[in-house]
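Data block below; observations after.
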Amino acid sequence: AEYMGALALAVLEGLGDIAPARRDALVARCAALRDELIADLGSDGVLVFPSLPTTARKHTAPLLHPLDFAYMAVFNALALPSTQIPMGLDEHGLPVGVQIVCAPGQDHLGIACAIELEREFGGWCPPFL
C-alpha cells in the first residue's frame, strides 16, 4: 500500500511522452501560476492553506481518496516552500493541520509562522482513537 502513490506517479510521468504538446502547455501554465503566486506573496507574505480537504484519515483510508494529497502536492509541484503545522485534534480525535506557503528564499517566514501557530494552538498531540 505504501508504494501505490509512487507506482501511480511513475505511470503518470510516462504519459508525458505520449502527448508532449499537452505536457508543454501544462508546464507553461504551472510556471505562470508559480510566477503569479510568487508576485502575490512578495518578500513578506505567507499563504495559510489546509493540508488536506478533511482531517487525517485512518491508516489505509487514503487509498480510497487518492486525490486528497493535491492540497500539498500543488505547492510541491510549484516548488514553493511549505511548512506543515499540526493544529490539534478534531472532535473524533484525528489530527488537523495547516500549511504555510511562502515565496522561494523566504522559508524563515513559514518557520516563524509555524512557531507562533504551534505556540498558540499547542502543536502536535497524540490522536485518540
Side-chain angles (χ1 to χ4, degrees):
E2 293 86 22
Y3 302 105
M4 292 300 291
L7 180 60
L9 180 60
V11 170
L12 290 174
E13 284 178 341
L15 294 178
D17 296 333
I18 295 171
R22 176 83 172 132
R23 179 200 59 222
D24 293 346
L26 291 172
V27 168
R29 288 177 65 187
C30 186
L33 176 59
R34 182 178 194 273
D35 292 344
E36 184 178 341
L37 276 172
I38 290 171
D40 288 344
L41 290 167
S43 63
D44 61 353
V46 297
L47 173 64
V48 180
F49 201 78
S51 301
L52 295 167
T54 65
T55 56
R57 298 185 190 275
K58 293 187 178 182
H59 191 66
T60 71
L63 294 173
L64 302 174
H65 306 274
L67 298 180
D68 281 2
F69 79 97
Y71 279 49
M72 294 174 280
V74 65
F75 301 114
N76 190 297
L78 295 175
L80 294 175
S82 176
T83 305
Q84 162 63 30
I85 302 100
M87 300 293 289
L89 305 175
D90 71 0
E91 65 275 7
H92 303 291
L94 295 171
V96 294
V98 297
Q99 56 186 326
I100 303 290
V101 181
C102 48
Q106 303 301 321
D107 304 63
H108 63 282
L109 294 174
I111 293 169
C113 287
I115 290 169
E116 289 303 314
L117 286 170
E118 200 169 39
R119 184 176 298 141
E120 182 68 28
F121 290 94
W124 183 86
C125 54
F128 57 90
L129 302 175

What are the two closest heavy atoms between Val46 and Cys102, and how far apart are they? CG1-CB, 4.3 Å
What distance do Leu78 atom CG and Cys30 atom SG have between them, rounded to the nearest 0.5 Å? 4.5 Å
For side-chain contact (heavy atoms from CB on, under 4.5 Å), just list the numbers for Met72 and Asn76, CA-CA rounded to whole Å, side-chain angles, deciding distance to a tenth of an Å, and then say yes or no. CA-CA 7 Å; Met72 294 174 280; Asn76 190 297; over 6 Å; no
Atom CD1 in Ile100, atom CG in Leu117: separation rounded to 0.5 Å? 5.0 Å
Could you tell me the separation between the CD1 atom of Ile38 and the OG atom of Ser43, rounded to the nearest 0.5 Å? 12.5 Å
Group every Ile, Leu, Val, Met, Phe, Trp and Tyr by side-chain heavy-atom contacts under 4.5 Å, then state whether Ile115 and Leu109 land in the same group. no
Indicate whether any N or O donor in one side chain lies under 3.5 Å from an N or O acceptor in the other, for Gln99 and Ser51. no
Might you work through the side-chain contact (heavy atoms from CB on, under 4.5 Å) test for Thr54 and Val96, ending with a clear yes or no? CA-CA 8 Å; Thr54 65; Val96 294; over 6 Å; no
Under a 4.5 Å cut-off applied to non-hydrogen side-chain atoms, are Leu33 and Arg29 in contact? no
Got a second to check how far Leu89's CG is from Thr55's OG1, nearest 0.5 Å? 10.0 Å
Are Val48 and Leu52 joined in one hydrophobic group, where the rule is that I, L, V, M, F, W and Y side chains link up if heavy atoms are under 4.5 Å apart? no
Nearest atoms (heavy-atom pairs only) where Pro104 meets Ala79: CG-O, 4.5 Å
Aromatic rings Phe49 and Phe75: how do their planes relate, parallel, tilted or perpendicular, breaks at 30° and 60°? perpendicular
For Gln84 versus Val98, what's the shortest heavy-atom pair and its separation? OE1-O, 3.3 Å
Rounded to the nearest 0.5 Å, how far does CG of Leu41 lie from CG of Leu37? 6.0 Å
Minimum heavy-atom distance Asp68-Pro53, with the two atoms named: OD1-CG, 3.4 Å
Over all heavy atoms of both residues, which pair between Ala103 and Pro81 is shortest? Give the atoms and the distance, please. O-CG, 3.6 Å
From CE (Met87) to CD1 (Ile85), nearest 0.5 Å: 7.5 Å
